[in-house]
Amino acid sequence: DVKVTQSSRYLVKRTGEKVFLECVQDMDHENMFWYRQDPGLGLRLIYFSYDVKMKEKGDIPEGYSVSREKKERFSLILESASTNQTSMYLCASSLVDSNYGYTFGSGTRLTVV
Amino acid sequence: QKEVEQNSGPLSVPEGAIASLNCTYSDRGSQSFFWYRQYSGKSPELIMSIYSNGDKEDGRFTAQLNKASQYVSLLIRDSQPSDSATYLCAVKEYSSASKIIFGSGTRLSIRP
């Protein structure tokens with residue numbers, strides 16, 4: 001069964017900490033995406049990557065960075081976590097043209113205290 | 001700014017009835033359309049994709065596409081309590097090789 005795996009289901013971090021969220025896919029997909037989802041705001045794109053070491057900003061990149069050193073792995077980094085980054089974080093991947101849609105990971109619910 | 005619009009609901013439908021979910025989009029050149037189901041606390045799951053005008057059926061689900069009206073819908077026949085979820089309409093951008101725009105979702109509740 002093909003998968004997008006996010007390393008943590010629940011995470012609690014303190015304000016100011018550097019936080020790493022990891023995502024691994026086994027489908028040999030070219031594209032990978034990071035979203036956050038908040039009640040009433042829907043899915044908001046943070047960053048995406050269409051190739052190793054390539055990245056593009058999404059709609060809300062402030063306070064975040066990403067790393068893609070290998071095709072199967074895409075990491076989201078919160079440089080200095082703040083309480084307004086408490087959210088559900090979703091990783092997704094797709095083929096190069098996304099014509100078959102995205103496959104999502106199970107999500108990481110991050111709480112910053 | 002490309003947009004995908006859905007009624008947020010909640011849409012309440014009796015068990016066994018047909019649930020009808022609607023979506024409009026702004027990117028006239030879009031060619032690929034998707035419906036995702038998301039249970040509370042879970043991640044979105046792709047349930048239907050449609051690429052041509054008309055209807056596409058898969059079990060109890062039918063996706064309908066009208067590109068001239070920029071309108072996509074999802075029909076769920078014989079609705080079951082397990083269909084209670086949020087349904088996200090998603091449209092692939094014409095100008096981007098890879099980006100998909102998501103609507104904010106319609107919350108569907110099937111009442112026994």
Side-chain angles (χ1 to χ4, degrees), chain A residues 1-6 8-10 21 23 25 27 29-51 54-60 68 74 87-111, chain B residues 1-10 21 23-27 29-52 56 58 61 63 65 72 74 85-107:
Chain A
D1 193 19
V2 292
K3 276 188 179 177
V4 178
T5 302
Q6 294 185 232
S8 302
R9 188 75 180 94
Y10 298 95
L21 302 184
C23 176
Q25 51 95 3
M27 294 171 283
H29 281 173
E30 289 80 9
N31 301 327
M32 297 187 75
F33 307 84
W34 275 106
Y35 287 87
R36 64 177 284 178
Q37 188 176 35
D38 302 286
L41 296 178
L43 286 166
R44 291 184 290 168
L45 181 63
I46 304 171
Y47 267 98
F48 67 101
S49 168
Y50 50 88
D51 200 353
M54 304 301 287
K55 61 185 179 184
E56 286 198 24
K57 293 180 180 179
D59 301 317
I60 52 162
R68 194 168 180 198
F74 192 35
S87 187
M88 169 71 96
Y89 289 87
L90 291 162
C91 176
S93 71
S94 76
L95 292 168
V96 65
D97 59 7
S98 295
N99 266 340
Y100 299 102
Y102 296 170
T103 301
F104 283 88
S106 56
T108 296
R109 184 162 295 280
L110 173 67
T111 302
Chain B
Q1 176 81 357
K2 307 290 190 329
E3 291 186 342
V4 177
E5 300 283 348
Q6 296 181 255
N7 188 318
S8 62
L21 305 165
C23 169
T24 59
Y25 60 94
S26 63
D27 187 352
S30 293
Q31 300 294 318
S32 304
F33 307 87
F34 311 94
W35 283 99
Y36 284 80
R37 178 177 62 201
Q38 186 175 23
Y39 292 115
S40 180
K42 304 294 186 183
S43 62
E45 172 194 12
L46 181 65
I47 56 171
M48 290 287 287
S49 56
I50 186 166
Y51 307 98
S52 305
K56 179 182 178 182
D58 184 0
F61 298 95
L65 174 61
V72 192
L74 179 70
T86 296
Y87 289 81
L88 305 176
C89 175
V91 178
K92 187 187 157 189
E93 277 192 353
Y94 176 72
S95 59
S96 165
S98 54
K99 280 183 71 177
I100 292 175
I101 307 299
F102 289 84
S104 55
T106 297
R107 190 154 56 95

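Proteins come first, then strands; the chains are lettered A, B, ... in the order of their sequence lines, and each starts at number 1.
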Applying a strict 4.5 Å limit to non-hydrogen atoms, the region of B:Gln38 in contact with chain A is side chain

For B:Ser98 and A:Ser98, which heavy atoms make the closest approach, and how far apart are they?
O-OG, 2.6 Å

Taking atom CG of A:Leu43 and atom CD1 of B:Ile100, what is their separation to the nearest 0.5 Å?
11.0 Å

Closest non-hydrogen atom pair, B:Ser43 against A:Ser106:
OG-CA, 3.7 Å

Please check if the distance between the ring centroids of A:Phe104 and B:Phe102 is under 6.0 Å.
yes

Pairwise distance CD(A:Gln37) to CG(B:Leu88) - rounded to 0.5 angstrom
6.5 Å

A:Arg44 side, atom CZ; B:Ser104 side, atom OG - distance, nearest 0.5 Å
12.5 Å

Chain B shares the most heavy-atom pairs under 4.5 Å, among A:Asn31, A:Leu41, A:Leu45, A:Leu95, with A:Asn31

Would you please name every residue forming a side-chain hydrogen bond (donor to acceptor under 3.5 Å, both in side chains) with B:Asn7, sequence neighbours left out?
none

A:Arg9, part contacting chain B, at a heavy-atom distance under 4.5 Å:
side chain

Highest number of heavy-atom pairs under 4.5 Å with chain A: which of B:Gly41, B:Gly105, B:Gly103?
B:Gly41

Taking the side chain from A:Tyr102 and the backbone from B:Pro44, do they hold a donor-acceptor pair closer than 3.5 Å?
no

A quick test of your reading: do over 12 heavy atoms of other residues, nucleotides or ligands sit less than 6.0 Å from OH of B:Tyr39?
yes

Would you mind checking which part of B:Tyr51 comes under 4.5 Å of any heavy atom in chain A, side chain (CB onward), backbone (N, CA, C, O), both or neither?
side chain

Applying a strict 4.5 Å limit to non-hydrogen atoms, the region of A:Asp97 in contact with chain B is both

Chain B contact via A:Tyr100 - side chain, backbone, both or neither, heavy atoms under 4.5 Å
both

